[in-house]
Amino acid sequence: MPQELRAVDWTENGLALIDQTALPHRTEILQVRDVDALVDAIKRLVVRGAPAIGAAGAYGVALALQQGEREGWDREQLLAAVSRIREARPTAVNLAVCVDRVRQRLDEGLGAVLEEAAAVQREDVEANRAMGAYGADWLLKRTADRAGDRPLRILTHCNTGALATAGWGTALGVIRELHQRGRIEAVYADETRPLLQGARLTAWELAQEGIPHYVQADGAAAGTILRGEVDAAIVGADRIAANGDTANKVGTVGVALACADAGIPFVVAAPTTTVDLSTARGADIHIELRGEDEILQWAGVRTAPAASRGHNPAFDVTPGRLVTALVTERGVLQVAAGELPGDHLA
Ligand code: MRU
């Protein structure tokens with residue numbers, strides 16, 4: 001992704017979002033000027049990925065403030081608008097955390113709100129850079145017995161790159177760091193049904209970086225892992241419970257189970273803003289159920305019989321016992337071995 005292109009950017013015309021529904025064929029910017037348009041963009045996955053919707057939500061508070069001034073809202077209307085942004089998607093905790101952080105500065109005016117939102121954005125990029133280094137060091141050490149000095153084959157699921165964050169990426173940031181060190185042989189990018197974040201977005205980012213990769217069907221992942229074709233899997237997260245259970249894009253738990261069976265590391269890379277200590281365990285995480293048409297149709301054409309119903313959970317929960325390592329901007333925790341996410345927040 002060219003340096004100047006950011007998934008989420010504040011401009012004098014409001015919030016500029018790369019329309020991720022149009023990628024990889026068209027790179028279009030959606031200018032968002034009001035709260036309805038932002039909520040719609042978050043729900044339609046124009047902007048997506050836990051840290052990116054956190055950053056969009058942070059700037060959304062500024063949009064709400066501006067719109068409220070234009071339209072003469074009272075405080076109750078303003079707070080209701082901010083809450084609508086906060087609730088636009090339920091699973092990624094980053095959205096609520098970032099909106100709440102910026103909302104605290106509402107009374108100080110637009111300058112302060114924008115300053116806080118910019119800090120959210122800047123800190124996310126810094127966290128991703130730190131994760132890249134920690135994750136790459138850990139993976140190289142952990143796979144040394146198996147891979148020796150040869151570059152690694154890494155499997156990933158969904159999109160966790162610059163598009164999914166304020167910049168650089170989480171799991172894909174670790175992969176980019178490994179690539180810069182000359183230690184990537186190939187990335188296996190799961191296509192990520194039904195909205196193809198892997199085939200459309202991860203592959204687009206990998207291609208832009210010149211990182212060798214294969215796109216594979218989600219259903220191929222377990223076989224690829226069990227045949228010994230990859231050294232490790234690394235994914236992002238939408239919410240990490242206090243016990244290490246991790247919600248991420250649907251299909252992730254199957255990858256983790258296959259890694260456990262094959263005895264290779266299953267690694268989660270996520271900033272500490274994704275850790276939610278108020279959620280005790282994965283079963284308490286609200287999993288977004290999306291519309292049936294995303295499953296029952298293909299490119300707008302019905303593929304399932306008219307009588308069929310669709311079941312479309314957007315995320316699943318990987319038990320902490322299957323998470324070999326959690327990489328945050330503070331270092332690496334061996335969750336399956338008993339280290340807890342809270343150990344990084346204390
Ligand atoms: O529905 P999406 O595309 O927003 O889901 C995104 C994921 O599940 C990502 O893996 C997660 O948010 C981490 S992004 C760094």
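Note that ligands are numbered from 1 as they come in the structure, with each ligand's atoms numbered from 1 the same way. These figures come from a predicted structure and were not determined experimentally.
Which parts of ligand 1 touch Ala50 is read off a 4.0 Å heavy-atom cut-off, strictly below it: atoms 12 (O), 14 (S). The ligand atoms of ligand 1 that sit less than 4.0 angstrom from a heavy atom of Thr170 are 15 (C). Here is the list of ligand 1 atoms found below 4.0 Å of a heavy atom in Gln197: 1 (O), 2 (P), 3 (O). Near Lys249, meaning under 4.0 Å from any of its heavy atoms, are these atoms of ligand 1: 1 (O), 2 (P), 5 (O), 8 (O).
Side chain of Asn128 to backbone of Gly167: a donor-acceptor contact under 3.5 angstrom is found.
Residue Arg48 places at least one N or O, backbone or side chain, under 3.5 Å from an N or O of ligand 1.
Of the listed residues (Ala164, Gly49, Ala237, Ala247), the one carrying the non-hydrogen atom nearest atom 13 (C) of ligand 1 is Ala237. Of the listed residues (Arg239, Glu288, Arg89, Gln20), the one carrying the non-hydrogen atom nearest atom 4 (O) of ligand 1 is Arg89.
Note: Tyr188 and Tyr214 have tilted aromatic rings, judged against thresholds of 30 and 60 degrees for the angle between ring planes.
The nearest heavy-atom contact from the protein to atom 10 (O) of ligand 1 is Asn248 OD1, 2.6 Å. Scanning all protein heavy atoms for the shortest distance to atom 11 (C) of ligand 1 gives Asp238 OD1, 3.2 Å.
Heavy atoms of His157 stay at 4.0 angstrom or farther from ligand 1. The shell of residues lying under 4.0 angstrom from ligand 1, judged by heavy atoms, includes Pro51.
Remark: Arg309 CZ is loosely packed, at most 12 non-hydrogen atoms of other residues, nucleotides or ligands lying under 6.0 Å away.
No side-chain donor from either of Arg200 and Asn159 sits under 3.5 Å from a side-chain acceptor of the other. A donor and an acceptor atom, one from each side chain of Glu294 and Asn312, are located under 3.5 Å apart. Under the 3.5 Å distance criterion, with hydrogens and angles disregarded, a donor-acceptor pair is assigned to the side chains of Thr21 and Asp19.
Nearest heavy atoms, Ala242 versus Pro341: O-CD, 3.4 Å.
Here Glu12 pairs with nothing under the side chain to side chain contact (heavy atoms under 4.5 Å, CB included) rule; sequence neighbours left out.
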